[in-house]
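Structure, as C-alpha cells:
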Amino acid sequence: HRASHDPYHYRRGLLAKNPRLMATLEQVATEARWGRTLPSGRGLGIACVEGWGSFCAQVAEGTVSASGVQIHRIWIAADCGVVLCPGTVEAQLQGAVADVLGMVFGGGMSFNRGAASLNNFHSYPILRFPQMPEVSVSLVTSEQAPGGVGELGVPCVLAAVSNAMLAAGGQRAQLLTRL
C-alpha cells in the first residue's frame, strides 16, 4: 500500500527468487480473479507465507460499512509438496480460517485472579455460521517432498483480511477494532 503498487504485483516482484511461493501466489490470484472491479466498500486483500516446508497464499474479499466488517470469501492456494490426503489438507486450511476468524470475531480468554473465567467450551464464544466466509482451497501440483500443513493456513488469514479491509476503504488501525 505504501509503495503505491498493486499488492499482488508488488509481491510478485519480491518473489522472483522463490518460484514455489510465486507459483502459489499466482494460483490464488487466478482463482480469486485478482484485479476485477468490485462494488464500492468491497475489497480484495492478498497475503502469502513460506513455512514448515510448504507455501501458502490467500486472497480475502470483504466489505467495510457503517455496520461493521464482513468477510465474504477466502481463497487459499497451497504447495505442500506431494499430497497424500488432499481432503485432509483442505480441511486443515479451512480450519485455519475458522480458527483465526473465531479469535478475531469474539474468541479469546479472560482471567480473574489468575484463573480462567471461561472454564469449558459451552461458555467460550465461537465463530457463528453467518460469520464464516466461503473458503475455496486449491493445491499446487508438486513433486517436492511433503511439507507441513498444521499451521500453514494461519499466518495469512488476518493479513489477507486486513488488506481486503484496507482496499475496501478502511484504515488498518480502525479495522482491527471493528472486527
Side-chain angles (χ1 to χ4, degrees), residues 1-81 89-90 92-94 96-101 103-105 131-142 144 147-149 151-179:
H1 176 73
R2 288 183 181 164
S4 299
H5 290 5
D6 174 85
Y8 164 63
H9 294 292
Y10 183 77
R11 282 167 180 77
R12 286 192 73 225
L14 295 174
L15 297 175
K17 295 181 180 178
N18 193 333
R20 286 181 72 188
L21 189 52
M22 172 87 82
T24 306
L25 183 73
E26 289 174 347
Q27 184 161 323
V28 80
T30 299
E31 294 285 330
R33 298 185 354 245
W34 184 267
R36 62 190 155 94
T37 303
L38 297 169
S40 179
R42 190 176 280 223
L44 292 176
I46 194 164
C48 58
V49 67
E50 175 182 355
W52 306 277
S54 295
F55 305 84
C56 184
Q58 296 181 16
V59 171
E61 182 176 345
T63 301
V64 175
S65 67
S67 61
V69 170
Q70 182 179 5
I71 313 307
H72 303 287
R73 188 161 180 191
I74 295 182
W75 292 264
I76 303 172
D79 176 351
C80 39
V89 172
E90 181 178 356
Q92 191 73 32
L93 295 170
Q94 290 170 334
V97 171
D99 190 35
V100 172
L101 292 182
M103 288 184 273
V104 169
F105 284 117
Q131 295 169 301
M132 182 66 184
E134 179 181 346
V135 179
S136 301
V137 176
S138 63
L139 301 177
V140 176
T141 302
S142 177
Q144 299 295 320
V149 180
E151 301 296 329
L152 183 63
V154 172
C156 291
V157 178
L158 191 54
V161 166
S162 64
N163 288 334
M165 298 304 94
L166 182 64
Q171 295 179 358
R172 285 188 201 272
Q174 295 171 346
L175 292 173
L176 294 179
T177 62
R178 293 174 70 185
L179 285 175

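Along the sequence shown, residues carry numbers from 1.
- Counting heavy atoms of neighbouring residues, nucleotides and ligands inside a 6.0 Å radius, atom CD of Glu151 does not exceed 12 of them.
- Contact detail for Ala168 and Gly41: the closest heavy-atom pair is CB-O, 3.3 Å.
- Looking at residues two or more places apart in sequence or on another chain, you find a side-chain contact (heavy atoms from CB on, under 4.5 Å) between Val89 and Cys80, Val83, Leu93, Leu139, Val149.
- Between Arg20 and Ser142, the closest heavy-atom pair is NH2-OG, 3.9 Å.
- The nearest pair of heavy atoms linking Leu21 to Leu15 is CD2-CD2, 3.7 Å.
- Between Val157 and Ala96, the shortest heavy-atom distance links the atoms CG2-O, 4.2 Å.
- Pairs of residues two or more places apart, or lying in two chains, never qualify as salt bridge (Lys or Arg N to Asp or Glu O under 4.0 Å) while including a residue from residues 156-170.
- The closest side-chain heavy-atom distance from Leu152 to Gln92 is not below 4.5 Å.
- Here Ser136 contributes atom OG and Glu90 contributes atom CD; the two are 8.5 Å apart, rounded to the nearest 0.5 Å.
- Listed here is the closest heavy atom pair of Met165 and Val69: SD-CG1, 3.1 Å.
- In terms of the side-chain contact (heavy atoms from CB on, under 4.5 Å) criterion, residue partners of Val140 (sequence neighbours excluded) are, by chain and number, Thr24, Gln27, Asp79.
- Using modelled atom types and a 3.5 Å distance limit, the side chains of Ser67 and Ser65 yield a donor-acceptor pair.
- Expressed to the nearest 0.5 Å, how far CZ of Arg33 lies from CH2 of Trp75 amounts to 7.5 Å.
- Residue pairs meeting the salt bridge (Lys or Arg N to Asp or Glu O under 4.0 Å) criterion with at least one partner in residues 54-78, sequence neighbours excluded, are Arg36-Glu61, Arg42-Glu61, Arg73-Glu134.
- Within a 6.0 Å radius of NE2 in His5, other residues, nucleotides and ligands contribute 12 heavy atoms or fewer.
- The stretch residues 10-19 participates, sequence neighbours left out, in these salt bridge (Lys or Arg N to Asp or Glu O under 4.0 Å) pairs: Arg12-Glu26.
- Side-chain contact between Thr63 and His72: present, with at least one pair of heavy atoms (C-beta onward) separated by less than 4.5 Å.
- Of all non-hydrogen atoms in Ile74 and Val161, the two that sit nearest each other are CD1-CG2, 4.2 Å.
- Remark: Thr30 OG1 to Tyr8 OH distance equals 6.0 Å, nearest 0.5 Å.
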Solution key, residues 43-54 side-chain donor-acceptor pairs under 3.5 Å, sequence neighbours excluded:
unit_1	atom_1	unit_2	atom_2	d
Glu50	OE1	Asn18	ND2	2.8
Ser54	OG	Gly148	N	3.2
Ser54	OG	Gly148	O	2.7

